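Single-structure report; data block below.
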Amino acid sequence: MIRLNDLYLCIQGEGCLAGTPMVLIRLHGCSVGCSFCDTKETWREDDEDRVFTLREVQTEPEKWIEMEPRELAVAACEIRQGAKWALLTGGEPADQDLRELVGYLHAYGFRVALETSGTARGHVGAGCNWVCVSPKLGSSKPVLTDVIEHAHELKMVVGKPDDVTKLEALLEGSRFQGTVCLQPMSTNPEATRFCISTCQRKGWRLSLQTHKWINER
Ligand code: SF4
């Protein structure tokens, strides 16, 4: 069974796949516990917040539901319109074993993208088409070296120069071959200027939260 927090059709706003229509599958639960988390509603796994219909999950942020992987893939199909991608996010989606769900999503013709903090391996062996690791440096759980090395994208939220120093330390000695994206925290102007100059200097890519400009989730 998969614990689900939300399901909706979106336009990916961030990172290398920005602008792509995706069915966003927000999984419930996270073992990382970042102080700055903007999806804390996914943390609580109390039975009192558990519901039994998709509609309740889609309208009440803190509610969650357990679904069979196939049932969830079918629900994603029903809202996809022309979207070719499904996005697994959270919470921390890799805290759950994703292999069966990804298998069904592939069977229904989706390409599957994953956004993870890189602290868990529930996606390993699932065959995700795009893995974006967004490291939460300074949180209690370490980012796993092997997860980074097999990722396509490393997206770092940057609020201050020290965040880039920590990212460089993470990459040092790593065999990561993908694209590094810097994303200014909360579209802060100072952080944005710093990200622009760092991307220009390092040949990295700038990620902006474009969905916020168009009032999308
Ligand atoms: Fe929130 Fe993501 Fe950190 Fe989990 S890993 S606490 S969902 S920011």
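Both counts, for ligands and for their atoms, begin at 1 and track the order of listing. It should be emphasised that the depicted structure is a prediction, and the values quoted were computed from it without experimental measurement.
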Tell me whether E115 is salt-bridged to K155, with the criterion being a basic N under 4.0 Å from an acidic carboxylate O. yes
Do the side-chain N and O atoms of T165 and E168 include a donor-acceptor pair separated by under 3.5 angstrom? no
If only side-chain N and O atoms count, and only distance matters, is there a donor-acceptor pair under 3.5 Å linking K136 with S134? yes
Partner set under side chain to side chain contact (heavy atoms under 4.5 Å, CB included) for V124, not counting sequence neighbours: R121
Closest heavy-atom pair and its distance - V147, G118: CG1-CA, 3.7 Å
Take atom 4 (Fe) of ligand 1 and tell me which protein N, O or S atoms are nearer than 2.8 Å. C30 SG
Quick one: do T89 and I25 satisfy side chain to side chain contact (heavy atoms under 4.5 Å, CB included)? Show the steps, please. CA-CA 6 Å; T89 185; I25 302 173; over 6 Å; no
